[in-house]
Amino acid sequence: MTHDPRSVTRRVAAPVSVSRPVSSPIHTSVVYRSTDADELDSQYEGRAKGYTYSREGHPNATIVAEKIDWLEGVKPEWGGGVVVASGMAAVSTMLLALMRAGDHVVAGNQLYGRSLRLMTQDMPRMGFGVTLADPTDASAIRAAIRPETRLILVETVSNPTLRVADMAGIAAAAKEAGVLLAVDNTFTTPRGWKPFENGADIVIHSLTKLLAGHSDAMLGYVAGRTPEMNKAFYDAAVTWGFAPSPFDCWLTERGLSTFTLRYDRAEATAAALADRLAGLKGVKRVLYPGRSDHPDHNRAGDLLKGRFGNMVSFVLDGGRDTVNRFLRAAEHIPFAPTLGDVGTTLSHPASSSHRGLTAEARAAIGIEEGFIRTSVGVEEPEQLIGEIERAVAASRG
Ligand SMILES: *Cc1c(COP(=O)(O)O)cnc(C)c1O
């Protein structure tokens, strides 16, 4: 069979092997062949399982979806979440699946930058009403709900000020009003907090960040707590064309196998870094939900139960020159506008994620020029903390 010249252009079957691979193969095939029309019928009618066209699903996407379902506690009877090409594709899938003409959304006022832009520019352009409200104040969210509100979208811990949302209050308000509660759990991860166990109807992830964890794969995920919602998410993703790449799914599967180890290590280092930074000359303020000087420390304790995460923000005492000296001195730590890499990264919101705001608008949410956000990775803790300490000292000129 393998020597049949007709199979040179298309292999008809995988090479025979009674042993099976230990790591998942990457399935790059866009189309899947069936034996005959009856077999295809049974597949479309749900009597047999199988793939047809990779925009509609492929094995590498299924593997990742099942793993995130498990991490987030998605029940089999809910039907399972959908993996899409990016975190923003997950937010879009959710909105495109659920919103009807005239519907309104209540969104957190400190969402991820692009989500915020989607809410303030694209949604209104398409005729949807949007009200932004402060998620640390459940009464503000409650007051923003209207009769035509379809859903609330919030993040549990905000970027980059690490404010903690009043999730219990928001879940109660959503339930009372009969609106759906969607939580973008990218920052907190299911290791930190499980939205479905705490009243959320929908969970969204940018898998690009901590879950894939190596800054080499871009992927998103969305799941709901009913089979109807998950069917709607699947259809929206297939129709609007948000299919994930098999290679990115494969890399994400690989990254996921070390997620809990990476997260626990990074979190422990983050707590130690926050405490060390707080005692340094040249540091005006440290923001870490695990510290008693954090504005939401009590709520963080109740909600996150000690899982305060890998993100630490702090404010250098000085302006742009101080920031530049700090970044140049921390030469082994990439200055890069993302988070959740296996190694530590630094970002400067005033020149990246929040550059679109005026200095006054930034100041109103506590982001001054000296504000630095650290996404802590898995380095040797003392080496990392030592390097940051030396860079803070160098920042003072
Ligand atoms: C990065 C991020 C997104 C967007 O994810 P992409 O994979 O970059 O599209 C959405 N929400 C949060 C909280 C993020 O950090």
Side-chain angles (χ1 to χ4, degrees), residues 61 64-65 68 72 81-96 105 107-123 132 135 151-165 167 181-193 195 200 202-223 233 237 240-245 247-249 251-252 255-256 259 263 266 289 304 309-313 336-341 345-349 352-354 365 367 373-377:
V64 173
I68 312 297
E72 282 293 4
V82 181
V83 169
V84 289
S86 68
M88 286 314 299
V91 176
S92 302
T93 296
M94 189 264 299
L95 294 168
L96 291 165
V105 176
N109 62 358
Q110 285 201 37
L111 291 178
Y112 176 71
R114 276 283 153 178
S115 300
L116 205 52
R117 182 187 159 107
L118 177 57
M119 289 299 159
T120 55
Q121 299 191 23
D122 302 271
M123 294 288 280
L132 300 182
L151 59 93
I152 299 171
L153 172 64
V154 289
E155 295 170 14
T156 315
V157 175
S158 75
N159 173 30
T161 52
L162 311 183
R163 295 298 307 263
V164 180
M167 295 307 300
L181 174 58
V183 176
D184 179 338
N185 204 28
T186 301
F187 237 68
T188 324
T189 83
R191 194 115 177 111
W193 196 67
I202 297 156
V203 172
I204 290 169
H205 275 285
S206 167
L207 304 179
T208 313
K209 310 292 172 52
L210 287 143
L211 290 168
H214 293 70
S215 296
D216 56 9
M218 179 157 285
L219 228 52
Y221 166 90
V222 56
F233 294 155
W240 293 84
F242 297 144
S245 132
F247 186 48
D248 286 51
C249 292
L251 286 167
T252 298
L256 279 169
F259 162 65
Y263 192 77
L304 305 173
N310 79 312
M311 305 297 294
V312 179
S313 294
T338 187
L339 64 103
D341 188 74
T345 52
L346 296 167
S347 74
H348 179 240
S352 58
S353 53
H354 292 69
I365 52 173
I367 302 172
R373 188 194 74 175
T374 317
S375 168
V376 176

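In listed order, ligands and their atoms are each counted from 1. In this chain, residues are counted from 1 in sequence order.
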- Query: For L219, does its backbone N or O pair with a side-chain atom of T208 as donor and acceptor, under 3.5 Å?
  - Reply: yes

- Message: When you measure from the side chain of S313 to the backbone of P160, do you find a donor-acceptor pair of N or O atoms at a distance under 3.5 Å?
- Response: yes

Ligand-protein N/O pairs under 3.5 Å (ligand 1):
from, atom 1, to, atom 2, distance (Å)
ligand 1, 5 (O), S206, OG, 3.0
ligand 1, 7 (O), G87, N, 2.8
ligand 1, 7 (O), S206, OG, 2.8
ligand 1, 7 (O), T208, OG1, 2.7
ligand 1, 9 (O), G87, N, 3.0
ligand 1, 9 (O), M88, N, 2.9
ligand 1, 11 (N), D184, OD2, 2.6
ligand 1, 15 (O), K209, NZ, 2.8

- Item | Side chain proximity check, V157 to M311, heavy atoms < 4.5 angstrom | no

- Note on the structure: Sorted by chain and number, sequence neighbours left out, salt bridge (charged side-chain N to carboxylate O under 4.0 Å, His left out) with R373 holds for none

- Note on the structure: On a heavy-atom basis, the closest approach of V183 and A200 is CG2-CB, 3.8 Å

- Task: Mind listing the closest non-hydrogen atom pair of P244 and C249 along with its distance?
- Result: CB-SG, 3.8 Å

